[in-house]
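None of these values were measured; they are calculated from a predicted model. Computed from heavy atoms alone, side chains included, the values below leave out hydrogens, waters and symmetry copies.
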Amino acid sequence: MNGEVLSALVALARAAEGNEWNITADTRGLITEAINDDGGNTESLLKRIEDERKRLVPDCFHCASPCGRTAPYDLEGFINADEETKKAKQILLSSLKEVSGKGDDLIFRVLYAIGRDDWSAEELLQVLK
C-alpha cells in the first residue's frame with residue numbers, strides 16, 4: 001500500500017472515532033478497496049478518502065484552530081519508531097487485508113493504532129487480541 005494512502009486511511013480512522021453511527025458500508029468498502037489497491041488508483045482513492053473524512057468530520061475542515069487529530073498521519077512516526085514499535089506497526093500493517101473483510105470495526109482500531117506514535121509495541125499489538 002502506498003504511504004499516502006496509509007496516511008489518509010489513518011486520518012479516516014481517526015475521523016471515525018466518535019462518529020461510529022455515521023460509518024456506512026460505503027466507508028468500509030472504500031477502506032477495503034484502498035487496502036487492496038495495487039497503486040493504480042492512488043489519486044482517486046486519496047480524493048475519495050478525503051471526501052469521506054469531510055463527511056464524517058466536516059467541522060474539522062473549517063476549524064479556525066485545527067488540532068490535527070483527523071489530519072493525515074505523518075509517516076515519520078512510523079519510520080522513526082524504535083525497532084520493537086516499528087515491528088508491531090508492521091504486524092498491524094500486514095494484518096490490514098485480513099481484518100478488512102470482517103464485519104466489525106477492527107479495521108478502524110488497527111488503522112487508528114498504526115497512527116499512535118505514543119503507544120508501546122505491547123499496546124499496539126493488543127488491538128489484534
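No salt bridge links Glu43 with Lys47; every basic N to acidic carboxylate O contact stays at or beyond 4.0 Å. Classification of Arg116 and Glu123 as a salt-bridged pair fails, no side-chain N sitting under 4.0 Å from a carboxylate O. With respect to the salt-bridge test (charged N to carboxylate O, under 4.0 angstrom), the residues Arg14 and Glu17 do not qualify. A salt bridge does not link Lys87 to Asp82: none of the charged side-chain nitrogens sits closer than 4.0 Å to a carboxylate oxygen.
For the residue pair Ser95 and Leu128, the shortest heavy atom distance occurs at OG-CD2, 3.7 Å. Between Gly39 and Thr42, the shortest heavy-atom distance links the atoms O-OG1, 3.2 Å. Of all non-hydrogen atoms in Gly40 and Asp38, the two that sit nearest each other are N-OD1, 3.0 Å. Here the closest heavy-atom approach between residue Asn22 and residue Arg55 is recorded as O-NH2, 2.7 Å. Nearest heavy-atom pair, Thr70 versus Ala11, reported as atom, atom and distance to 0.1 Å: O-CB, 3.4 Å. The shortest heavy-atom contact between Val5 and Ala34 is CG1-CB, 3.8 Å.
Between the CD atom in Glu52 and the CZ atom in Arg48 there is a gap of 9.5 Å [rounded to 0.5 Å]. Between Ile91 atom CD1 and Leu124 atom CG the span is 9.5 Å, to the nearest 0.5 Å. With values rounded to the nearest 0.5 angstrom, Leu96 atom CG is found 5.0 Å from Leu111 atom CG.
Annotation: side chain of Asp37 is not in contact with side chain of Met1 (no heavy-atom distance under 4.5 Å). Here the side chains of Val127 and Tyr112 are not in contact, with every heavy-atom distance at 4.5 Å or above. At a threshold of 4.5 Å between non-hydrogen side-chain atoms, the residues Asn19 and Ile23 do not count as touching. Between Val10 and Leu6 the shortest side-chain heavy-atom distance falls below 4.5 Å. Proximity of Thr27 to Phe108: side-chain heavy atoms (C-beta onward) are separated by under 4.5 Å at one or more points. The closest side-chain heavy-atom distance from Lys86 to Glu83 is below 4.5 Å. The shortest side-chain heavy-atom distance between Ile107 and Ile35 falls under the 4.5 Å cut-off. Side-chain contact between Leu9 and Ile49 is present, with at least one heavy-atom pair separated by less than 4.5 Å.
Other residues, nucleotides and ligands contribute more than 12 heavy atoms inside 6.0 Å of the CD atom of Glu20.
Side chain of Lys54 to backbone of Phe61: no donor-acceptor contact under 3.5 angstrom is found. Within the 3.5 Å criterion, the main-chain N or O of Phe78 finds no donor-acceptor partner in the side chain of Lys89. Here the side chain of Ser7 pairs no donor or acceptor atom with the backbone of Gly3 at under 3.5 angstrom.
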Practice problem: Decide side-chain contact (heavy atoms from CB on, under 4.5 Å) for Ser120 and Thr85; before the verdict, give the C-alpha distance in whole Å, the side-chain angles of both, and the deciding distance to 0.1 Å. | Solution: CA-CA 6 Å; Ser120 69; Thr85 302; 5.7 Å; no
Exercise. For side-chain contact (heavy atoms from CB on, under 4.5 Å), just list the numbers for Leu12 and Leu56, CA-CA rounded to whole Å, side-chain angles, deciding distance to a tenth of an Å, and then say yes or no.
Key: CA-CA 8 Å; Leu12 181 58; Leu56 291 173; 3.7 Å; yes
Practice problem: Check step by step if side-chain contact (heavy atoms from CB on, under 4.5 Å) holds for Val57 and Arg53. | Solution: CA-CA 6 Å; Val57 288; Arg53 200 165 42 104; 4.2 Å; yes
